[in-house]
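Here's the structure we're looking at; comments come further down.
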Amino acid sequence: MLNPMGLVHGGWVMTLLDSALGCAVHTTLAPGETYVSLDTDVKFVKPITPATGEVTVTARIQTRGRQVGTSEGRAVDAQGRILALGTSSCLVRQAPEA
């Protein structure tokens, strides 16, 4: 997962944040609703290296309207230092019939 500079590739933490951000919106869904990401934005605060150790990603809902839910999250190291911050907007809609 290292890039040519020896840092963990940013796509790795972006994927973790995207998953957590979507899960935060998912917690607001009623039966028969689904969501799809409209956008995700990530800010890299500190480099992640193999020496960083365990990374924890958390997210929470910001807003939930009739059609759009927004969430915010963070990736932190074992000491609680912020490594990356993320936000996402998701379109909420009725699940398609199977």
Side-chain angles (χ1 to χ4, degrees):
M1 297 294 172
L2 301 182
N3 65 23
M5 281 68 63
L7 304 174
V8 174
H9 192 282
W12 178 79
V13 75
M14 289 177 74
T15 298
L16 294 177
L17 278 163
D18 184 54
S19 293
L21 294 164
C23 286
V25 172
H26 190 115
T27 67
T28 71
L29 298 182
E33 286 184 321
T34 187
Y35 71 94
V36 62
S37 295
L38 292 170
D39 64 42
T40 300
D41 183 57
V42 174
K43 304 286 190 242
F44 303 107
V45 178
K46 292 186 181 299
I48 301 173
T49 70
T52 298
E54 185 173 308
V55 174
T56 302
V57 176
T58 58
R60 65 186 181 111
I61 195 77
Q62 285 180 310
T63 63
R64 168 59 204 269
R66 193 169 47 88
Q67 292 185 310
V68 175
T70 62
S71 55
E72 62 184 353
R74 59 181 51 196
V76 299
D77 66 13
Q79 289 74 43
R81 292 179 291 221
I82 296 173
L83 304 170
L85 298 167
T87 58
S88 184
S89 299
C90 297
L91 175 66
V92 177
R93 58 190 181 137
Q94 288 300 312
E97 305 249 349

Quick one: closest heavy-atom pair of Gly32 and Gln94, and the distance? O-OE1, 3.1 Å
Is the number of heavy atoms from other residues, nucleotides or ligands within 6.0 Å of CD (Gln79) greater than 12? yes
For the atom pair CZ (Phe44) and CG (Leu83), what is the distance rounded to the nearest 0.5 Å? 11.0 Å
Would you please test Val92 and Val68 for side-chain contact (heavy atoms from CB on, under 4.5 Å) and show each step? CA-CA 6 Å; Val92 177; Val68 175; over 6 Å; no
Shortest non-hydrogen contact from Pro47 toward Thr52: O-OG1, 4.0 Å
Determine the sole option in Arg64, Arg93, Arg66 for which the salt bridge (Lys or Arg N to Asp or Glu O under 4.0 Å) test with Glu33 is passed. Arg64
Heavy-atom closest pair (Pro50 atom, Gly6 atom, distance to 0.1 Å) is CD-O, 3.8 Å
Would Val55 end up clustered with Met14 when hydrophobic side chains under 4.5 Å apart are linked, directly or stepwise? yes
Search all heavy atoms of Met5 against all heavy atoms of Asn3 and return the closest pair with its distance. N-OD1, 2.9 Å
Rounded distance [0.5 Å steps], CG in Asp39 versus CG in Leu91: 11.5 Å
Interatomic distance, CG@Leu85 vs CZ@Arg74, rounded to 0.5 Å, equals 6.0 Å
Residues Thr70, Thr63; criterion side-chain hydrogen bond (donor to acceptor under 3.5 Å, both in side chains); working and verdict: CA-CA 5 Å; Thr70 62; Thr63 63; 2.6 Å; yes
Exactly one candidate in Cys90, Ser88, Ser37 meets side chain to side chain contact (heavy atoms under 4.5 Å, CB included) with Leu21; the answer is Ser88
Give a yes or no answer on whether the side chain of Thr34 reaches the backbone of Ala95 with a donor-acceptor pair at less than 3.5 Å. no
Do other residues, nucleotides or ligands put more than 12 heavy atoms under 6.0 Å from the CE atom of Met1? no
Is there a path from Val76 to Ile48 through hydrophobic residues (I, L, V, M, F, W, Y) whose side chains come within less than 4.5 Å of each other? no
Could you report the tightest heavy-atom contact between Leu17 and Ala75, atom names first, then the distance? CD2-N, 4.3 Å
Taken to the nearest 0.5 Å, the spacing of Trp12 CH2 from Leu7 CG works out to 12.5 Å
Nearest atoms (heavy-atom pairs only) where Gln62 meets Ser71: OE1-O, 3.6 Å
Nearest-0.5 Å distance that lies between atom NZ in Lys43 and atom CD1 in Ile82: 14.0 Å
